[in-house]
Number of protein chains: 2
Amino acid sequence: MKLSRRARYALRMMLSIARYSGPDERVSLKEVAKKTKISRRYMEQLAIALKNSDLIVGITGKGGGYRLSRPAPEIKLADIVTAAIGPIEIVECLDHADSCLQAAGCECRELYQQINDRITDLLNEYTLADLANKKIKAALPKD
Amino acid sequence: MKLSRRARYALRMMLSIARYSGPDERVSLKEVAKKTKISRRYMEQLAIALKNSDLIVGITGKGGGYRLSRPAPEIKLADIVTAAIGPIEIVECLDHADSCLQAAGCECRELYQQINDRITDLLNEYTLADLANKKIKAALPKD
DNA sequence: AGTTTAATATAACAAAGTGATATATATGGA
DNA sequence: TCCATATATATCACTTTGTTATATTAAACT
């Protein structure tokens, strides 16, 4: 029930790219690695996944780097997480009913669906811009 | 981002125990294993965890078995999941701020907190009785 | 043209997590 | 005393995940 490091790295990377690049400006992974303190080798793989999902654009060659493919307010957090770790599926059987042994008789299915929906909805509500501007506020812990 | 099999098994086990036992009636793991088709050996471990969290009571000896420690409406689904896989923590750093490298400067923390809250709230809303009586209804898939 | 910087693409490896099985002991009823 | 059951560890195999390594490709700059 953990959000993998890969997903968390992806969010931090995107934040960094959003901050240090612009429409005509790119930032190299070397820079991003320095800012985020994430292993550069690891980021390289992650960058490819983010690129393949059209969230960032890679400019090859000397002076190259990455920039966002579209403005930060148009990038939903769900896009980032999905690009990094695939579709949000708290259990396999939600999408593929046939992969479920109990099949139709599963009594927990609706519960799983609800958990999944709540997470998905939340990540669709917020954008990269919201994250960058600290627009996300959790309820205060009750102590 | 998966709900582990262990957690799912725990829910199914509890459902089965709720159904086939009563205040003065117990059901053996042998029975439960037959009903749920979960490996008995595996269930034994799970049963201990559920017992240690006071969700079920174990009666040793011949003719023994398990029964719920309290009525199903008083057992929250969060209790079951927590007993099976520990506290719900989508990321480590929520409870232990010191385990987070970015410490106070983490920009994603509030997001993680919200995800965690939504899952926790949902699992606290519903009880084992709700699950048994199919009171949980997910929003219809939009197709 | 050639060198350099950086992205792109695989591959290989190590560590951790997870599911499952095995073995041994304790308990209490018949 | 015997047997069915819970209880408690230990072990093993498999998968996932994080990390590092090795080439290859692309473009800019000298």
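Residue numbering restarts at 1 for every chain, and letters A, B, ... go by the order of the sequence lines.
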Asks: Distances under 3.5 Å only, N/O to N/O: pair up the protein atoms with those of nucleotides 2-6 of chain D.
Replies:
residue : atom : partner  : partner atom : Å
dA6(D)  : OP1  : Leu29(B) : N            : 3.1

Asks: Closest nucleotide of DNA chain D for Arg5(A) versus for Arg41(A): which of these residues is on the 5' side?
Replies: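 Going by which nucleotide is closer to the 5' end, it is Arg5(A).
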
Asks: Using whole Å, report how far CD of Gln45(B) lies from P of dT11(D).
Replies: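 Computing the Gln45(B):CD to dT11(D):P distance gives 14 Å.
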
Asks: Between the main-chain N or O of Asp54(B) and the side-chain N or O of Arg70(B), is there a donor-acceptor pair closer than 3.5 Å?
Replies: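 Checking the backbone N and O of Asp54(B) against the side chain of Arg70(B), a donor-acceptor pair under 3.5 Å is found.
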
Asks: Measure CG/Leu46(B) against P/dG19(C) and give the value in whole Å, please.
Replies: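 Atom CG in Leu46(B) sits about 10 Å away from atom P in dG19(C).
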
Asks: Checking the side chain of Arg12(B) only, and the main-chain atoms of Thr36(B) only, is there a donor and an acceptor separated by less than 3.5 Å?
Replies: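 Yes, the answer is positive, given that a donor and an acceptor are paired below the 3.5 Å cut-off.
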
Asks: Please figure out whether Ala47(A) or Ser4(B) has its closest DNA chain C nucleotide nearer the 5' end.
Replies: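 The residue closer to the strand's 5' end, by nearest nucleotide, is Ala47(A).
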
Asks: Is there a side-chain contact between Leu111(B) and Leu123(A) (heavy atoms, below 4.5 Å)?
Replies: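 Yes, their side chains come closer than 4.5 Å.
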
Asks: If I take atom CD in residue Glu92(A) and atom C1' in nucleotide dT16(D), what distance separates them, rounded to the nearest angstrom?
Replies: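 It works out to 12 Å between those atoms.
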
Asks: Quick check: is Ile88(A) connected to Leu77(A) through a chain of hydrophobic side chains (ILVMFWY, heavy atoms under 4.5 Å apart)?
Replies: yes

Asks: Look at the side chain of Asp130(A) and the backbone N and O of Thr127(A), then say whether any donor-acceptor pair between them is shorter than 3.5 Å.
Replies: yes

Asks: Does Tyr9(A) make a side-chain N or O approach to OP1 or OP2 of dG18(D) shorter than 4.0 Å?
Replies: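 Checking dG18(D) against Tyr9(A), no side-chain N or O comes under 4.0 Å of OP1 or OP2.
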
Asks: Are Leu3(A) and Met1(A) connected into the same hydrophobic cluster when the rule is that any two of I, L, V, M, F, W, Y join if their side-chain heavy atoms are below 4.5 Å apart?
Replies: yes

Asks: Tell me the interatomic distance from Met43(A), atom CE, to dA9(C), atom C1', rounded to whole angstroms.
Replies: 17 Å

Asks: Counting only side-chain nitrogens and oxygens, does Tyr42(A) get under 4.0 Å of the OP1 or OP2 atom of dT19(D)?
Replies: no

Asks: Measure CG/Leu50(A) against C1'/dT8(C) and give the value in whole Å, please.
Replies: 14 Å

Asks: Roughly how many Å is it from CG in Leu3(A) to P in dT16(D), rounded to a whole number?
Replies: 18 Å

Asks: Just the rounded figure in Å: distance from C1' of dG17(C) to CE of Met1(A).
Replies: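 Checked: the CE to C1' distance equals 16 Å.
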
Asks: Backbone N or O of Ala84(A) within a donor-acceptor pair of the Arg6(A) side chain at under 3.5 Å?
Replies: yes

Asks: Find the distance Leu55(A):CG to dA7(C):P and express it as a whole number of Å.
Replies: 17 Å

